[in-house]
Amino acid sequence: MQEDILAGLNPAQREAVTTVKGPVLVLAGPGSGKTRVLAHRVAYLLRVVGAPPRAVMAVTFTNKAAGEMKERVGRLLGESVPVSTGWKGLTIGTFHSICARILRAEAGPAGLNPNYVIYDDGEQLMAIKQALRDLKLDEKLYRPEAMRSAISKAKNELVKPEQFQAGTYFEEVARRVYVRYTEIMSANGALDFDDLLTRTTWLLQEQPEVLHRYQDRYEFLLVDEFQDTNTAQFELVRLLAGKTHNLFAVGDEDQSIYAFRGADYRNVMRFREDFPDSKVILLEHNYRSTQTILDAANAIIAKNRHRTPKKLRTDRGQGLQVTVHEAYDEADEAAFVVKAIQRLVSTREASLGDCAVMYRTNAQSRSLEDALVARGVPYRLVGGTRFYQRREIKDALAYLRLVHNPADNISLMRVINVPARSIGDKTVAALAAWSAEQGVSMVGGLALVAGDLTSPALSETETFAASATSPQRAAPPQHPFAAAAQRSLTAFYRMLAKWIAAKDGLTVAALLERITEESGYATWLRDGTEEGEDRWANLQELRSVAAHYDDFPPELRLTAFLEEVALVSDQDELAEESDRVTLLTIHTAKGLEFPVVFIVGLEENIFPHSRSMEDPDQMEEERRLMYVAITRAKDRLYLIHAFRRMIYGRTEVYEASRFLRDVKGLSGVSSATSSGARQSWGAEERGGGASGGDRWPRRDEEAAWTPSSHGTRRDTESRAPFGKTPRTAAGSTARGTPWSPGSIDRAKADPPPARGDRQPQFKPGDRVDHGLFGQGIVLKSELTTDDEEVTVTFAGKGTKTLLAGFAKLRKV
DNA sequence: ACAGGCCTGGTTTTT
DNA sequence: CCAGGCCTGT
């Protein structure tokens, strides 16, 4: 058994797995098998050490990582040990989900509503705006977003509202908002994401009895991505491990890229200070990339001052060259990427799914999408609109949440007039004000308006107003509503009260269905449009998620469901099945790997980002980001920058990124810039031609090369609407020729056409058939070094430029 | 209630 | 340039 678990591990990994007692810090380079080590260690603890499953806690940052770990542990153990996040078995989960569970179980000691709801950023912002209104502060002057970030920062540092030290006027405002916000959240029975961590940590800090219970239970702690912990998380882990010190932390300072949300890679150092007897294990062997790629990564990260020196090694050999390419502008950059991908695919050196294009900011995806769509290359864009952020989903969840926790005013306000029930803004505002006066939640207020003095909403409400406990009422108090408003409010209340009464007897799916039907939401949503049907389909998807909870005990299923949807993002179930090019930011690429990686936008002020230029610490983070990006690549790496780029509607010349300078001198890195190509085979080589995006102007032509000189681009094209499936070229519309006719002669950046001895397969006027676009007519065809580039106009699908070796074009 | 015009601000993101 | 918020007018 032990052999099984240790088989295939290298000596360092093996040591990490088997060093069971005491604090262990594993510094794990990218691709060094850290997930493997974590899973094997859990299996080892259970199987060889004989630890009971309930004594083991493994903490990750993302659901995806937690899921992977569960799966791998399950595989190692042959599924014989119950792997669950439940109380009985192993605890494997994210910081947030584990904390949510602890707070649910310890609602009493933690002073929380056991039915608390979790607010996401949007709902949090609503609560902050409420706080600003209560404090009569101007939203324009004190941006809610700024307040949110100040409050979040305080919480990450475990600073309570009453401990908040304001050193500036702004901070004083933030302090007051923080205080008021906390009151509002408590009245609503709501916690934000930061609260989950800080409240748990405060609970353990302040209640020794609770702390000891958890310390006694969890003999073995494992923490992934330790460099991403913030102060609250670090403290939480420290507390939990306080008794046994059997704390196993895996991290890599060099991959810390989340400082902006409170992560502090120095926690890795602090680990060694706080646990001086800790054993440090380095995992430097990389199983992912070629040596050339690792050399580039090492060259980047070696310039950071604050790090434990490490050097990645592989036994994969040098591998292929790393390509540095200079493009003319963002369109040329995108065209270069797409062509390179098509070339690799046509030669079967890679599949579309092997290829990833990474960029610093989301806005950069646009030109890439344009190029992919234009050339009919399927792709997926990671990080688009998320399922749980969609309006219909948020509405449905707000209904469910309100039924679960009627104190939740934010959810009430979201749904009270959706669909329209003649309860306008003024009525809602009056209800909010009057309910607060009465010391009840808004649902409590509705109960009073409806004359229902026995409503549970009147007794369960935590209040922040004068009356701390709700007095027994003999008669409903006078309310400010006119007869019509009263009628609407009462009708809404009766409906809601019925759902609340029925909730325990129904499955979540049934409750959801009942709510969407009786509220009129379903009818309202399905307005006959295609969009309405899409949204309805999304609701059905939510319902099928809810159905997973049918078998839970009745009193738990709604709680469990709401918790899951609050803490899970569909990023986690990021489908990898289809063969498409992946577009994603470097941040979202962390933890992933691809055989072929393109890093685009390698220009000063783009990457490294302009906001990081002044601050050496932020510049180090940019460097780590570049390091993460490079180390995603297994076999092929392309580093691309553009000579000029349009940002915020302004086109400017950008200097190549310093990161390129760091990498360029290395052996195995080839700088095949377009300008070099131009010099070697001459600017006069070819005349115009309509397939834009891949040519350079001559120097003397630069002045004329203004946006207006190359016609309109994509200004009429709106982005394809998001759907449940990633976009493909199939639904795209074509655009016109991007370059204005008759403009000056240009050189091609592409390799020169193959010499004489080849004949094009296609010529202008040929009728062809394409699997995706149907029939079309060839406009022109040109040979390139290794393929033939055919421009075809398709009926109703516009004009596409395709590679004959890649697209399945057939003459008809 | 909603369309349309004006203004503003625009890293990175999980939970 | 362009998305999202806010205001105004129907």
Side-chain angles (χ1 to χ4, degrees), chain A residues 59-66 93-100 118-125 129 139-140 143-146 149 152 155-156 191-198 200 224-225 228-230 232-233 256-263 330 358-367 382-383 385-386 388-389 417-425 524 563-572 574 584-591 601 605-613 618 621-622 624-626 628-629 645-652 707 712-719:
Chain A
V59 196
T60 65
F61 274 83
T62 66
N63 293 297
K64 191 178 169 203
T94 63
F95 269 105
H96 293 267
S97 72
I98 289 172
C99 287
I118 300 167
Y119 280 1
D120 69 12
D121 292 16
E123 291 138 358
Q124 201 187 347
L125 225 46
K129 286 179 185 170
E139 272 188 31
K140 292 276 162 49
R143 295 208 344 272
E145 190 49 52
S149 116
S152 179
K155 286 186 190 172
N156 287 166
L191 297 181
D192 63 33
F193 288 129
D194 297 325
D195 287 330
L196 294 173
L197 306 175
T198 53
T200 306
D224 193 11
E225 307 274 21
D228 284 341
T229 52
N230 61 31
Q233 287 160 328
S256 164
I257 56 174
Y258 283 110
F260 68 91
R261 64 185 203 211
E330 69 273 11
M358 300 175 189
Y359 34 82
R360 176 67 235 267
T361 68
N362 282 304
Q364 291 170 259
S365 72
R366 169 60 78 92
S367 51
V382 181
T385 307
R386 303 204 211 108
Y388 290 108
Q389 293 296 328
N417 203 33
V418 179
R421 302 190 175 88
S422 322
I423 304 174
D425 293 348
W524 174 78
E563 188 174 292
E564 171 179 319
V565 297
L567 296 180
V568 157
S569 75
D570 38 353
Q571 195 92 339
D572 301 324
L574 201 152
L584 74 184
T585 65
I586 298 163
H587 282 93
T588 41
K590 187 172 170 214
N605 290 311
I606 306 288
F607 188 21
H609 195 272
S610 53
R611 299 225 185 167
S612 306
M613 291 303 196
Q618 286 192 49
E621 177 132 328
E622 295 288 311
R624 291 192 292 269
L625 200 50
M626 182 64 183
V628 167
R645 182 180 294 276
M646 181 159 69
I647 301 284
Y648 300 149
R650 197 171 295 281
T651 298
E652 269 166 46
T712 47
R713 284 186 54 75
R714 75 171 85 89
D715 34 11
T716 52
E717 164 109 349
S718 62
R719 299 240 262 174

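Every chain is numbered from 1 and lettered A, B, ... according to where its sequence line falls, protein lines coming before strand lines.
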Self-check item: For atom NZ of A/Lys64 and atom P of B/dT13, their distance in whole Å
Solution: 15 Å
Exercise. Grab the CZ-C1' distance between A/Arg650 and C/dC2 for me, whole Å please.
Key: 14 Å
Practice problem: Select base, sugar-phosphate, or nothing to describe what A/Asp194 touches, counting heavy atoms under 4.0 Å on all strands. | Solution: nothing
Practice problem: Would you please name every residue forming a side chain to side chain donor-acceptor pair (under 3.5 Å) with A/Glu145, sequence neighbours left out? | Solution: A/Arg148
Quiz item: For A/Tyr359, which residues count as a side chain to side chain donor-acceptor pair (under 3.5 Å) partner, sequence neighbours excluded?
Solution: none
Self-check item: Rounded distance (Å) that lies between atom C1' of B/dT13 and atom OH of A/Tyr388
Solution: 18 Å
Quiz item: What pairs with A/Glu622 under salt bridge (Lys or Arg N to Asp or Glu O under 4.0 Å), at least two apart in sequence or on another chain?
Solution: A/Arg360
Quiz prompt | Spacing between A/Asp224 atom CG and B/dT14 atom P, to the nearest angstrom | solution = 16 Å
Practice problem: Take the protein atom CZ of A/Phe95 and the nucleotide atom C1' of B/dT13, then report the distance between them rounded to whole Å. | Solution: 17 Å
Exercise. Round to a whole Å and report the spacing from CG of A/Asp121 to C1' of B/dT15.
Key: 9 Å
Practice problem: Rounded to the nearest angstrom, tell me the gap between atom CZ in A/Arg261 and atom P in B/dT15. | Solution: 8 Å
Quiz item: When the nearest nucleotide of DNA chain B is assigned to A/Trp524 and to A/Ala566 on a heavy-atom basis, which residue is associated with the more 5' position?
Solution: A/Trp524
Self-check item: Stem list, DNA chain C (Watson-Crick or G-U pairing under 3.5 Å, at least 3 consecutive pairs)
Solution: B:1-10 with C:1-10
Quiz item: For B/dT12, does the O4'-C1'-N9-C4 (purine) or O4'-C1'-N1-C2 (pyrimidine) torsion place it in syn, i.e. within 90° of 0, or in anti?
Solution: anti
Quiz item: Listed by chain and number, what are the side chain to side chain donor-acceptor pair (under 3.5 Å) partners of A/Asp224, not counting sequence neighbours?
Solution: A/Lys34
Quiz item: Which part of the nucleic acid does A/Asn417 contact within heavy-atom distance under 4.0 Å: base, sugar-phosphate only, or nothing?
Solution: sugar-phosphate
Quiz prompt | Heavy-atom protein contacts under 4.0 Å, nucleotides 5-12 of chain B, coded B base, S sugar-phosphate only, - none | solution = -----BBB
Quiz item: Partners of A/Lys129 by salt bridge (Lys or Arg N to Asp or Glu O under 4.0 Å), sequence neighbours excluded?
Solution: none
Quiz item: Stepwise, does the side chain to side chain contact (heavy atoms under 4.5 Å, CB included) test hold for A/Thr62 with A/Lys590?
Solution: CA-CA 12 Å; A/Thr62 66; A/Lys590 187 172 170 214; over 6 Å; no
Quiz item: Partners of A/Ile606 by side chain to side chain contact (heavy atoms under 4.5 Å, CB included), sequence neighbours excluded?
Solution: A/Gln364, A/Glu603, A/Arg645, A/Ile647, A/Tyr654
Quiz item: In whole Å, what is the span from the CD1 atom of A/Ile118 to the C1' atom of B/dT14?
Solution: 13 Å
Quiz item: On a whole-Å scale, what distance lies between the C1' atoms belonging to C/dA3 and B/dT14?
Solution: 23 Å
Self-check item: C/dA3 phosphate, OP1 or OP2, under 4.0 Å from A/Arg366 side-chain N/O
Solution: yes
Quiz item: For A/Glu139, what residues pass the side chain to side chain donor-acceptor pair (under 3.5 Å) criterion, not counting sequence neighbours?
Solution: none
Quiz item: Taking the six-membered ring for Trp, are A/His587 and A/Tyr258 parallel (under 30°), tilted (30 to 60°) or perpendicular (over 60°)?
Solution: tilted
